[in-house]
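All remarks here apply to the structure that follows.
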2 protein chains.
Amino acid sequence: MRANRKKALRNQLIRDDILDAALHLYTRDGYFNTSIHDIQREAGVSIGSIYNNFGGKEAVAKALYGQLVGHMENVVDAIASKHATAHNRCRAVVEVLFDMTERETETVGFILNAKHKEFLPDEPPICSSQPFVKLRDMIQAGIDAGQMRPMDPWVAAACTFGPALRMIQLRLDGMIAAPLPDYLDELWLHSWRTVGVDPVPEDLR
Amino acid sequence: MRANRKKALRNQLIRDDILDAALHLYTRDGYFNTSIHDIQREAGVSIGSIYNNFGGKEAVAKALYGQLVGHMENVVDAIASKHATAHNRCRAVVEVLFDMTERETETVGFILNAKHKEFLPDEPPICSSQPFVKLRDMIQAGIDAGQMRPMDPWVAAACTFGPALRMIQLRLDGMIAAPLPDYLDELWLHSWRTVGVDPVPEDLR
DNA sequence: GTTCTTGATATGAACATTCATTATAAACTA
DNA sequence: TAGTTTATAATGAATGTTCATATCAAGAAC
């Protein structure tokens, strides 16, 4: 029993090593420029281990994708349960995304920037994955509650998160030198003016 | 002389056929899922022609990239010389991008969505290419002229074009069913409220 | 306690395939 | 004639995948 747990732990470590290496190489070089051999070298495991644990090149990407989407979903859920109003929720989403862009750059890059359709053709597009659906629900709820202007939900979503996502992309591309959180207040003040009924509260400007 | 021109013309036709095929396949399947043989078949030319005219796989992508960036630059230049105020210029940019997304879907997809860094590692990032630089200059001029709120230029650019770019991405991903121009007025009304000093003129709402 | 057996996993050289590129000769064009 | 296109085949490097073997932990037999 104890032995099994130990074994399972070691197993988990190897899986994590592989996924860590894959994330690193995918975000640096792209999926197609990353060979199984590269991952094997970077992770310090054998090729066989990758096939034993995942099954193949695409399966590694799929597992990584699932893990990170799950992570994003947890983040969104945490925000939704912590904040009540549409304004506070949406602002928290942008705040967390900006923080994550600095702290977990590779995660954000892989989730927001990678073209999954090209290497995971069977996965639904990222926009229809759980965390993104929940973001849209968040906005729809805000409109229904009269906290956001009545407008097409897609337009509302694009106006609410579009500017922030653009900033993230520019930051990931090395165009913006300063950490994103530095821009949070200014950006959000303007973003919310677009969609919000009430202005941004004084203490968040 | 006349003969040379005819020859050059035929030559140009072949080159265009190759680039058209490449654009089509790149946007549908991605660069790495598109082989030279795929392009050759789709274009109805021989492999030799591709190597004679371009030199190799990456060179095709590079030529295509250059052509489309040049096209975008012309579009931006035309807008800049046709309109005078920051508002009219920026709105025209969004309008043209929305139209192009419907009419030249593949061009827009390749320019805005493709990860060029992965297959053209020597090219500078798209954000620092001429047309994008000119867009930022456009915004900076608007701020200097007092037509746009004084704010960080990156934030201004993200607020001005971020929502529109997000809409384009959603449309390209098949999330939005209606043609983008249907959303133009509503989106721009909200976008401009974010960054403009004066409101959107009556006749453009 | 020592040795043997077992099951699960790790290893990495070998294999098979893909695919960019080169080569070649015949047909075509100016 | 000289240059280009075409059609086809050949080449070889890159790389995804397989599999026989090695490793090792945990009991079983003695």
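Protein chains get the first letters and strands the later ones, always in sequence-line order, with residue 1 at the start of each. Note that the structure is a prediction, hence the values are computed from the model and not measured.
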- Message: In whole Å, I'd like the distance from the CG atom of Asn52(B) to the C1' atom of dG3(D).
- Response: 10 Å

- Query: Would you say a side-chain N or O of Ser46(A) is under 4.0 Å from OP1 or OP2 of dT11(C)?
  - Reply: yes

- CG on Asp185(A) to NE2 on His190(A), rounded to 0.5 Å: 10.5 Å

- Item | Side chain of Ile14(B) - closest among dT17(D), dA10(C), dT5(D) | dT5(D)

- Residues Arg91(A), Glu95(A); criterion salt bridge (Lys or Arg N to Asp or Glu O under 4.0 Å); working and verdict: CA-CA 6 Å; Arg91(A) 187 186 194 279; Glu95(A) 182 174 11; 3.6 Å; yes

- Does Lys57(A) count as lying over the ring of Tyr31(A), i.e. NZ or CZ under 6.0 Å from the six-ring centre, within 45 degrees of the axis? yes

- Query: How close or far is atom P of dA10(C) from atom CD of Gln40(A), stated in whole angstroms?
  - Reply: 14 Å

- Message: Distance check needed: dA10(C) P versus Leu13(A) CG, whole Å only.
- Response: 11 Å

- For residues 31-39 of chain A, which residues have at least one heavy atom under 4.0 Å from DNA chain C? none

- Options dA10(C), dG16(D), dT6(D), nucleotide nearest the side-chain atoms of Asn53(A): dA10(C)

- Ile50(A) atom CD1 is separated from dT11(C) atom P, nearest whole Å, by 10 Å

- Message: Using the side-chain heavy atoms of Tyr51(A), tell me which of these nucleotides is nearest: dG16(D), dT21(C), dT11(C).
- Response: dG16(D)

- For Glu58(A) and dT17(D), what is the distance between atoms CD and C1' respectively, to the nearest whole Å? 14 Å

- Query: In whole Å, what is the span from the CD1 atom of Ile47(B) to the P atom of dT22(C)?
  - Reply: 12 Å

- Query: Between Phe119(A) (CZ) and dG16(D) (P), how many Å, whole number?
  - Reply: 14 Å

- Note on the structure: Between the CD atom in Glu118(B) and the CZ atom in Phe32(A), the distance rounded to the nearest 0.5 Å is 8.5 Å

- Message: If we ignore hydrogens and angles and just use 3.5 Å, is the side chain of Arg136(A) paired with the main-chain N or O of Ser128(A) as donor and acceptor?
- Response: no

- Message: Tell me whether Lys134(B) is salt-bridged to Asp137(B), with the criterion being a basic N under 4.0 Å from an acidic carboxylate O.
- Response: no

- Item | Any Ser49(A) side-chain nitrogen or oxygen under 4.0 Å from OP1 or OP2 of dT11(C) | yes

- Item | Sidechain-backbone polar pair: Ser191(B) side chain, Trp188(B) backbone, donor-acceptor under 3.5 Å | no

- For the pair made of CD1 in Ile18(B) and P in dT4(D), what is the distance, rounded to whole Å? 14 Å

